[in-house]
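Every chain is numbered from 1, with letters handed out A, B, ... down the list of sequences.
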Number of protein chains: 2
Amino acid sequence: MNMNHSDDLRDLMNNETSDLSKARLRAWLQILKVSRKIEGELREKMRIEFGSTLPRFDVLAALYRERDGMRMSELSKSLMVSNGNVTGIVDRLVGEGMLVRVPVENDRRASIVRLTEAGEKDFAERALVHEGWVSELFSDLSASDADGLIRILRTISHHNEAPHD
Amino acid sequence: MNMNHSDDLRDLMNNETSDLSKARLRAWLQILKVSRKIEGELREKMRIEFGSTLPRFDVLAALYRERDGMRMSELSKSLMVSNGNVTGIVDRLVGEGMLVRVPVENDRRASIVRLTEAGEKDFAERALVHEGWVSELFSDLSASDADGLIRILRTISHHNEAPHD
DNA sequence: CACAGATATTTCAAACTCAAAATATTTATG
DNA sequence: CATAAATATTTTGAGTTTGAAATATCTGTG
């Protein structure tokens, strides 16, 4: 049973916070805890097994889904990180020979970033290993709990979706 | 229904990954997505409303729960970040007058970090505002979904708990 | 007591991250 | 066409983060 708008308003006016508000805070703290723990584990595995980092993996993953490449701005929006952030990571991946920057016809401001053949091959292998790590870290998560988790998280995502153009 | 050990083993040997493994990966990516979006929102609010940052809030929150103060190592373990990281953040918070370092009797290696009176007062106010922000960001999350979310995330946490001493 | 190993913390270099400013280019408007 | 506004990206400065090395101190064993 969801709260309606006037309930929310009453909550905001109220000095002491409601039980629901506290439950939501606990939920957020638990999300944060799991997220940090799993990220820490994955970071260490990437460092040891791949000699690489999580942010680089994320960039490669995004470009593996979009084989024709993406613009810097698309990349940063898709990863939900700042524009300037992506610049540095892409620079390093270009240096490692995983990515190339391709100029865009008719728009000399922009460039498309895409995987090199080597980058594509490397990532394909890494993605399988990565999925195995995640499945192992989540091995107590049943199929139905995975679905439940995804459903609940989506309701949160959608509420906080970026406003339409 | 959970997988047993030999199912996991078969999965590892198997080149193609299972549906369950893919569901777990999707769950992880959704956790990551929500976690990033909410962190971004909170970061911005903290910057604008408090002129402060998320990591500083986290340190203050931990010390607000432990009024007698914590050692640097306890702090970094509790926040799941590296030791060296906490040093820098505590340095800044000491500079802002929110924290003090107190020497530990009988152990000159260690020091206890605790809130100053001003730090305690400031944080108490901020914590209420923060809880309101979270509740607003999670306003589509019902009480039962909050509980469900917490339950599922705890099973993941527990599996990945640090091994006992 | 000597001193090897353990423990607590800081320092360090490299990478990541953000927000804002700067740069370059394109588009729209008069 | 001139040029203001919009767009795409990079640069910059400050802060955060990590993992490893350095420093200081403590503890247990002989």
What pairs with [X] under side-chain hydrogen bond (donor to acceptor under 3.5 Å, both in side chains), at least two apart in sequence or on another chain?
X	value
B:Asn85	none
A:Asp58	B:Arg36
B:Lys121	none
B:Glu44	none

Shoot me the first and last contacting nucleotide of DNA chain D against chain B, ordered 5' to 3', at under 4.0 angstrom to non-hydrogen atoms.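 Contact span on the strand: D:dG15 to D:dC26.
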Any base atoms under 4.0 Å from A:Arg101, or only sugar-phosphate, or nothing? Heavy atoms, all strands.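 The residue A:Arg101 makes sugar-phosphate contact but no base contact.
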Relative to the 5' end of DNA chain D, which residue comes earlier, A:Glu44 or B:Arg56, by the nucleotide with the nearest heavy atom?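 Final value for this comparison: B:Arg56.
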Can you list every salt bridge (Lys or Arg N to Asp or Glu O under 4.0 Å) pair that touches residues 147-160 of chain B, not counting sequence neighbours?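 Output for this query lists A:Asp145-B:Arg151.
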Inter- and intrachain pairs under salt bridge (Lys or Arg N to Asp or Glu O under 4.0 Å), touching residues 79-92 of chain A, at least two apart: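 Every pair satisfying salt bridge (Lys or Arg N to Asp or Glu O under 4.0 Å) with a residue in residues 79-92 of chain A: A:Asp91-A:Arg101.
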Quick one: [X] [atom1] to [N] [atom2], roughly how many Å, whole number?
X	N	atom1	atom2	value
B:Arg43	C:dC18	CZ	C1'	7 Å
A:Glu39	C:dT17	CD	C1'	13 Å
A:Met46	C:dC16	CE	P	12 Å

Think B:Arg108 has a side-chain N or O under 4.0 angstrom from the OP1 or OP2 of C:dT7?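 Negative; the distance criterion is not met.
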With respect to the phosphate group of C:dA20, does any side-chain polar atom (N or O) of B:Arg47 fall under 4.0 Å of OP1 or OP2?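 Yes, B:Arg47 has a side-chain N/O under 4.0 Å of OP1/OP2 on C:dA20.
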Give the residues of residues 57-93 of chain B touching DNA chain C, defined as any heavy atom closer than 4.0 Å, sorted by residue number.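 B:Arg71, B:Met72, B:Ser73, B:Asn83, B:Gly84, B:Thr87 - these, ordered by number, are the residues of the stretch whose heavy atoms sit under 4.0 Å from the strand.
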Checking the side chain of B:Ser135 only, and the main-chain atoms of B:Gly132 only, is there a donor and an acceptor separated by less than 3.5 Å?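 Side chain of B:Ser135 to backbone of B:Gly132: no pair is present.
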Centroid separation under 6.0 Å, is that true for the rings of A:Phe50 and A:Trp133?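 Close enough - the centres of the two rings lie under 6.0 Å apart.
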Select from A:Asn106 and A:Pro55 the residue whose nearest nucleotide in DNA chain C is closer to the 5' end of that strand.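 Going by which nucleotide is closer to the 5' end, it is A:Pro55.
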Qualifying ring-ring contact (aromatic ring centres under 6.0 Å, His included) pairs with a residue from residues 61-80 of chain B, counting only residues at least two apart or across chains: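 Qualifying pairs: B:Tyr64-B:Phe123.
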Below 3.5 Å, does any donor atom in the side chain of B:Arg109 face an acceptor in the base of C:dT9, or the other way round?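 Between C:dT9 and B:Arg109, which were checked side chain against base, a qualifying N/O pair under 3.5 Å is absent.
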